[in-house]
Amino acid sequence: MARTQVAIIGAGPSGLLLSQLLHQHGVDSVVLERRSREYVAGRIRAGVLEQGTVDLLVQANAGERMLNERLVHDGFALGFAGKSFRVDLRGLTGNAVSVYGQTEVTKDLMETRIAAGARLIFEAHDVSVEGFDRAHPTVHYSHGGRTHTLTCDFIAGCDGYHGVCRQSIPTEAMQSFERIYPFGWLGILADVPPPAHELIYSNHERGFALCSMRSVHRSRYYVQCGLDEKLEAWPDVRIWDELRRRLPASVADAVVTGPSVEKSIAPLRSFVVEPLKFGRLFLVGDAGHIVPPTGAKGLNLAAADVRVLYRALAEYYRTGREELIDGYSAQCLRRIWKAVRFSWWFTSITHKFSEDPFSRRMQLAELDYLTGSSAALTSVAENYVGLPFENPPI
Ligand SMILES: Cc1cc2nc3c(=O)[nH]c(=O)nc-3n(C[C@H](O)[C@H](O)[C@H](O)COP(=O)(O)OP(=O)(O)OC[C@H]3O[C@@H](n4cnc5c(N)ncnc54)[C@H](O)[C@@H]3O)c2cc1C
């Protein structure tokens with residue numbers, strides 16, 4: 001029977017980053033991932049990194065390419081009522097955000113782990129976790145046509161919203177909080193230059209639109225769509241037309257169109273489970289919480305959980321003390337709920353929820369107030385760049 005100190009389920013950004021930081025502190029782990037390495041490395045998702053996430057990736061020795069290739073954004077724009085208003089993140093907070101795709105973060109982490117000789121097991125099927133209320137939990141899985149058992153001291157559930165770890169916890173032991181939004185995001189990725197250097201979040205009476213990017217040559221756009229929309233109903237030309245209609249004219253004129261590289265529809269939800277620790281099982285990242293992508297917090301929250309957990313486990317293996325481990329859930333949840341609040345609020349002022357004219361006037365009044373108040377803008381900016389951490393890195 002194989003053994004490790006920490007069994008990590010899932011090789012997304014949280015699983016890989018946790019494995020690397022533990023390795024740097026002399027803690028052994030095995031990562032079990034149900035998908036192939038190529039699939040995980042090609043998955044297209046988030047793109048905006050807070051400085052705290054950048055710092056953690058650098059600390060993990062996985063930040064070199066990111067520091068060379070990232071786009072540093074000192075602000076973003078809010079489009080509404082036909083105008084575009086710049087939120088000066090640097091001027092308001094002294095901080096900026098970095099645009100660097102999650103796909104690239106994952107590739108960098110994977111290469112760093114593989115170079116360090118990590119035990120990463122891709123295409124591990126039928127993963128099940130048990131005994132996390134005892135000193136030595138076990139993980140069962142099948143791989144290469146054989147079944148395997150791994151014993152460990154701790155299990156880190158880094159297996160995303162649909163993973164097995166949260167589902168293995170008795171429902172009476174946890175409380176879930178959820179808000180499902182009545183719309184989704186239709187995303188298009190294309191190898192065309194973005195219309196501006198920074199992101200543009202646009203509130204429009206037809207629905208929300210976002211101009212984002214992965215590099216100066218690759219743009220990522222989103223338009224709010226109905227939950228029952230099918231991708232087949234959205235040929236590229238329809239997306240480009242709809243996008244331009246929802247942007248301020250000056251921005252719409254600068255949009256360069258081209259064939260899509262990828263298209264997808266994602267539902268929007270806010271979700272948190274409490275607590276995030278059950279005996280010797282921890283929920284990390286999307287396994288424990290989801291935010292709508294407005295505000296770009298999902299990946300950054302996952303990194304923030306990892307930051308708390310690797311410190312707690314490193315401290316446990318160094319001293320035998322369990323205070324940090326026991327405090328994992330409470331410490332993470334304080335940051336998570338603030339990010340859930342920000343993402344929910346940002347979604348609520350930028351998206352179309354109904355045809356109700358009163359709600360529309362409220363949104364426009366809020367945007368008008370926001371862009372005219374340095375106090376309100378500072379609040380937005382400090383949430384967007386990422387709230388400060390309580391503890392320095394170790
Ligand atoms: C379509 C989409 C678009 C997104 N866009 C944005 C965005 O623009 N901005 C933003 O901030 N965030 C965005 N997010 C959120 C962001 O990508 C996530 O917050 C981030 O991926 C969380 O990382 P994670 O490692 O916790 O989970 P994941 O990235 O979901 O990784 C979980 C891993 O676990 C594996 N796994 C699942 N079940 C099992 C199992 N039973 N056994 C073994 N392995 C398993 C999965 O294959 C996966 O590799 C988006 C998410 C999605 C789904």
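All heavy atoms count here, side chains included; hydrogens, waters and symmetry mates do not. Counting starts at 1 for both ligands and their atoms, in listed order.
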Is the closest heavy-atom distance from S264 to ligand 1 below 4.0 Å?
no
Say whether R360 and N203, considering side chains only, have a donor N or O and an acceptor N or O under 3.5 Å apart.
yes
Classify the side-chain pair R269/Y161 by whether it contains a donor and acceptor separated by less than 3.5 Å.
yes
Option with minimal heavy-atom separation from [atom], where the choices are [options]:
atom: atom 23 (O) of ligand 1; options: G285, G10, P13; value: P13
atom: atom 48 (C) of ligand 1; options: R35, R43, Q167, R45; value: R43
atom: atom 19 (O) of ligand 1; options: D286, T106, V291; value: D286

Decide whether an N or O pair under 3.5 Å exists between [X] and ligand 1.
X: V127; answer: no
X: G298; answer: yes
X: Y161; answer: no

Are L120 and L16 side-chain neighbours, meaning at least one heavy-atom pair lies under 4.5 Å?
yes
Establish, yes or no, whether a centroid distance under 6.0 Å links the rings of F183 and H351.
yes
What residue and atom, counting heavy atoms only, is the protein's closest point to [atom], and at what distance?
atom: atom 10 (C) of ligand 1; value: A46 CB, 3.2 Å
atom: atom 26 (O) of ligand 1; value: S14 OG, 2.6 Å
atom: atom 37 (C) of ligand 1; value: D159 O, 3.1 Å

Name the residue from I9, I121, T147 that meets the side chain to side chain contact (heavy atoms under 4.5 Å, CB included) definition with Y141.
I121
Filter on ring-ring contact (aromatic ring centres under 6.0 Å, His included), then keep only pairs touching residues 225-255, sequence neighbours left out; what's left?
Y221-W240
Can you pull the salt bridge (Lys or Arg N to Asp or Glu O under 4.0 Å) pairs that have at least one residue in residues 132-151, sequence neighbours excluded?
none
